[in-house]
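One structure below.
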Amino acid sequence: MTRITPDRVVGIGALVLAVIAPFIVSSYWVGALLTQMLFLGIVAASLIFLSAYGGMISLAQVAVYGIAGFVVGNATTNGNTKGLNLGWNPWWGVIAGIAIAVGVGLLFGALASRSVGIYFLMITLTYSVIANLTFGQVTDVSGFGGISGIPAPGAIGRVEAHQNRLYYVALVAAFLVYLLLRYVARTPFGLTLQGVRDDPIRMASLGYNVNLHRTIAFGFASFVASIGGVLFVWWNGHIDPASIDLGATIDVLVIAVIGGLYRLEGAWVGALFFVIVNNYSQQISFIGPRFHTLIGAIFLLIVLVSPGGLVGLWERALELASGTHKEPSDRTPIEVGPVESHV
Amino acid sequence: MNALKSKWKLVTLAALVVLAAASVLATTATARSSASTIKIAVLSDCQGAFGSFDNQDMAGVVTAMAQFAGAKAKNPNKPRDGWTGGSINGHPLKLVGVGCSNDRADTAIKETKRLMEQLGADILIGPLSGDESIAVANYAKQHPNKTFVDGSAGAQDTTLKVRAPNFFRFNGDGAMWNAGLGDLAHNKLGWKTAAVIADDYSFAWTSAAGFIAEFCAVGGNVTKRVFPPLNTTDYSSYAQQMPTNVDGTFVAVGGAGLIPFLKAYEQAHGPIDGKKFIGNLFWGTPGQFEQLSTRVAGAYVGGAGTAGDLATKAAKAYNAQVGKVFKTIPPYGAAAPQAASTFTYGFYVNTWGLLAGLKANGGNIAGGQKSLQAAIKKVRLATPYGPLYLDKNNQAVINVFYQQLYEKGGKLAVKTVGEIPGVTQTFGGTFSSSTPAPGRTNPKCVKRSLPWIGKTIHPPVTG
Amino acid sequence: MTDVSKAEIAEPILRLRGIGRRFGGLHAVRDVDLDVAHGERRAILGPNGAGKTTLFNVISGDVGPSSGTIDFLGEDVSVLPPRARAKLGMGRTYQKSRSFLGMTVEDNLYLAVLGTRSGHFRPISLRKRDGEMRDRARELADAVGLGGRFGELVGSLSHGEQRQLEVGMARASNPHLMMLDEPASGLSRGERVALTELLLSLDPAITLILIEHDMDVALRVADRVTMMHDGRVIVEGTPDEIRANQTVHDLYLGRGNHSDV
């Protein structure tokens with residue numbers, strides 16, 4: 001386990017850079033870009049987990065993240081003109097937000113678990129539209145204008161005054177999520193999920209409850225996504241239906257694909273790339289409002305050049321450098337086609 | 001073994017690239033300009049429902065900069081390019097960035113962060129629309145050492161509820177802009193009952209609240225309130241819900257939804273009788289109201305605190321001033337006729353208020369901008385549309401105008417017919433920080449006294 | 001096997017009565033009665049389209065029967081899902097390899113072992129329990145001749161090795177009934193011999209049902225043969241009886257007995 005590989009060196013290097021970032025880059029970079037990268041990466045990681053280990057490309061991750069965010073917003077604000085204004089302790093808000101998001105995720109998962117491929121994608125897209133419209137319509141909990149002034153817990157303090165604190169909280173959360181997802185992949189639950197991904201019919205005849213397994217995996221990914229949602233509302237102090245609209249849904253998919261849909265690390269690589277391009281393209285006057293055109297073009301380029309995303313490029317570079325080029329089929333691509341029936 | 005070596009070469013190279021990139025970013029990000037420069041950012045909408053008014057926003061800002069701080073428009077045909085020159089008491093006013101939002105609070109916050117934190121602006125002018133401004137005012141509260149003036153946003157909560165001490169609004173809110181309409185409907189048009197339809201979001205709620213509060217205050221009764229979601233495309237089910245057994249209907253459906261709503265209403269209930277309708281500002285917005293066609297002639301229209309046809313010296317001078325700084329404001333053509341647009345004027349008067357404050361304190365933004373904020377609070381302006389001062393919530397008290405649509409040479413035209421001086425946000429105590437925010441069921445319909453009832457004057461107009 | 005009582009042994013382990021299965025207008029299986037005794041080696045023969053694989057799928061629960069009942073170990077399992085039948089002691093392979101190509105031989109066998117046990121959703125590794133299951137996976141790999149390829153990705157195995165793995169996976173749950181769907185298909189002559197040896201070496205207490213086109217394999221392994229045609233059972237008997245049967249010759253053997261699919 002202690003073998004030194006280029007992957008590991010780069011990984012540890014990235015982690016060290018992330019830890020010392022507040023001492024080398026500006027506070028805007030830490031407070032706005034890097035923190036955003038961390039929680040967007042967590043959401044994208046939940047998508048990559050589902051897709052790489054479960055063969056499920058979900059467009060509902062942003063909906064789930066939004067549900068957690070809205071619950072936190074409603075539970076912890078007080079004296080606002082919108083929302084339920086429950087005024088709870090922020091930590092209770094976190095627990096409620098994650099619990100409700102996981103509950104809804106399990107329900108979503110149960111309804112979608114019988115579908116695969118394009119049908120699964122469509123059903124989860126529906127979830128994201130439903131969540132967006134519901135929060136837009138139900139003015140008791142949000143409405144068009146959303147919830148503002150959402151506080152972070154006292155230990156983190158006012159996010160504006162102590163940007164590094166939220167950054168480190170997000171960094172720890174992202175790191176733990178990464179370790180958790182890697183760990184779970186090797187447990188009976190994770191191995192079973194990979195079996196379900198590769199061949200659900202075979203798994204059923206081996207004694208597994210395939211739909212239940214998919215449902216629980218969806219609930220687990222919802223747990224991860226909801227952590228991202230909590231960090232998002234702490235960071236933003238505000239959430240409204242536009243935070244989880246179709247654009248936001250697509251953004252997370254773009255992050256996952258640009259980073260690489262086959263490896264968890266891709267989530268944060270893609271997120272970093274995304275926030276930097278998003279931020280700096282606004283300064284270029286002829287791109288500014290056309291950010292989505294730009295990121296769409298990059299998305300297309302990446303899909304064509306490296307289906308494994310930026311992480312895939314890195315892997316390929318390593319293989320070329322060491323002359324051990326492997327066929328891409330070594331990594332199981334995601335099965336999206338429905339399994340053929342046997343007559 | 002060779003393969004392994006080249007692998008490590010690659011890793012080293014990657015590490016070097018990352019380090020170089022990090023150090024470049026670190027140095028660019030920490031570069032700070034000289035202390036005496038005042039860095040200003042503008043938050044406009046260049047996408048979404050109001051994206052086409054982007055240049056009007058900037059035209060308002062730059063006109064004020066030219067008039068009160070000696071700046072020059074960079075391009076007389078493209079307001080978005082900003083200004084050059086311009087200073088207060090020797091402190092250069094530098095435009096560090098123009099944000100691009102899309103009427104969504106979420107985007108407005110992201111852009112505000114970028115402008116204030118990355119580009120290091122000291123002062124923000126904006127945003128354009130209601131929910132954006134609530135979010136930005138909340139942001140302002142968290143950043144007491146920076147100063148914010150509104151752009152043209154008219155949600156009531158922004159100043160009445162959020163009450164950030166460093167967020168100032170020199171334009172009215174949506175309710176104030178409709179002052180005088182309830183009095184008009186009940187006491188002049190003889191409406192006893194009315195129905196209300198409004199978009200389901202804070203600005204339209206505020207807009208409807210202005211009509212409802214006043215109409216009910218003078219004894220009218222609102223029997224039905226309908227709230228279609230913003231960006232609805234098919235209004236037929238909402239039009240069906242509108243009662244016809246009322247004396248009149250108040251419509252606060254904005255932007256792209258207005259024409260489809262009127263069509264759906266005609267399909268449901270037959271031809272529209274203009275005299276039985278009152279609309280909010282969208283019925284009179286240049287570039288949009290022409291499409292309503294003459295079927296709505298006779299309808300009254302709430303304003304936005306502006307009156308393009310006002311024949312006073314100050315109003316004419318303002319129109320000329322906009323025409324002097326800009327030739328055209330794309331995409332709507334010649335600049336001067338767009339001076340009275342909600343957006344041009346809103347950004348203009350807010351920038352003016354800011355500059356007046358800077359002038360009063362000698363352009364001093366030191367000390368967490370506390371001296372500047374105190375100075376802005378005391379600003380009084382003689383605006384093209386009457387005198388203006390700020391109340392204790394940093395909300396302007398203004399004169400409000402309403403218009404009427406009429407037919408002129410087979411086309412729809414608009415003229416200002418009423419002016420209500422000294423409109424306050426509280427509607428004589430109807431709204432306060434402790435009353436429920438305007439929404440689907442608020443305000444309630446209750447009779448009470450309002451300070452300006454019966455005091456509408458008929459201002460001189462051109463044409 | 002050890003817990004099967006004497007009383008049950010007198011009963012057939014598997015009893016089908018009136019099994020039919022339609023796919024739209026296609027009557028893939030019709031009115032099949034079948035009794036398989038404990039420990040029996042049964043081969044099911046028949047030309048392509050005879051309904052053999054559909055019958056397998058109905059028995060394992062991958063598809064439900066349109067009519068008829070299935071009794072397994074004296075219990076009616078007609079409406080149970082495949083996973084429940086697996087837990088009762090059915091194991092099967094598929095005509096086309098259905099192992100998990102993106103995982104190692106070890107993980108494939110591990111999943112096969114875990115399938116009929118509890119703890120599918122356990123999100124933590126337990127050294128003792130997982131170690132025991134991995135030991136079992138190792139035994140199975142050795143038993144089917146894949147001990148040397150334990151850590152390899154299944155995608156990199158040869159076709160023959162994948163068939164061996166399938167057999168190993170079907171055995172993993174110690175099933176009472178093992179159903180192998182054309183285990184020899186696509187194998188070289190040498191591989192067929194190896195596979196036949198593997199099948200003959202199976203624990204005699206395991207009941208085996210085998211669909212096989214290769215007569216050498218089928219008739220060597222089986223002690224009873226069921227012949228299907230057009231969805232029906234047309235003949236049943238010992239290998240010798242089958243070899244002597246005229247109908248079988250007309251339908252099947254006459255057309256060359258090595259008709260690989």
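In what follows, chains carry the letters A, B, and so on, assigned in the order in which the sequence lines appear, proteins first and then strands, with residues in each chain numbered from 1. Computed from a predicted structure; not experimentally measured.
The CZ atom of A/R186 sits 4.5 Å away from atom CG of C/D107, with the distance rounded to the nearest 0.5 Å. Summarising the geometry, atom CG belonging to A/D199 is positioned 10.0 Å from atom CG belonging to C/N108; distances are rounded to the nearest 0.5 Å.
Under the 4.5 Å side-chain criterion, counting only non-hydrogen atoms from C-beta, C/R122 is not in contact with A/T187. A/P188 is not listed as a side-chain neighbour of C/F121, based on a closest heavy-atom distance of 4.5 Å or more. Between A/L191 and C/M103, some side-chain heavy-atom pair lies under the 4.5 Å cut-off.
Among the candidates C/K87, C/M169, C/R85, the residue making the largest number of heavy-atom pairs closer than 4.5 Å to chain A is C/M169. With respect to chain A, the highest number of heavy-atom pairs below 4.5 Å among C/V113, C/I124, C/D62 belongs to C/I124. Contact count against chain C (heavy-atom pairs under 4.5 Å) is highest for A/N209 among A/T192, A/L193, A/N209.
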- Take A/R197 and C/F100, measure what side chain to side chain contact (heavy atoms under 4.5 Å, CB included) needs, and give me the verdict at the end. CA-CA 9 Å; A/R197 168 200 68 196; C/F100 310 113; over 6 Å; no

- Task: Just do the side chain to side chain contact (heavy atoms under 4.5 Å, CB included) check on A/M203 and C/L111 with the steps written out, would you?
- Result: CA-CA 8 Å; A/M203 287 301 278; C/L111 282 180; 4.3 Å; yes

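Proximity of the aromatic rings of C/H120 and A/F189 is defined here by a centroid distance below 6.0 angstrom, and this criterion is not met.
In this structure, A/Y208 contributes its side chain and C/T116 its backbone to no donor-acceptor pair below 3.5 Å.
Shortest non-hydrogen contact noted between C/A86 and A/S205 is CB-O, 3.4 Å.
The salt bridge (charged side-chain N to carboxylate O under 4.0 Å, His left out) check on A/E265 picks up A/R182, A/R263, with sequence neighbours excluded.
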Considering only distance and modelled atom types, tabulate donor-acceptor pairs under 3.5 Å from the side chains of residues 214-221 of chain A, sequence neighbours left out.
from, atom 1, to, atom 2, distance (Å)
A/R214, NH1, A/S113, O, 2.8
A/T215, OG1, A/N211, O, 2.8

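Around the CZ atom of C/R134, the shell of radius 6.0 Å holds more than 12 heavy atoms that belong to other residues, nucleotides or ligands. Counting heavy-atom neighbours within 6.0 Å of A/R114 CZ, excluding the residue itself, gives a total of 12 or less.
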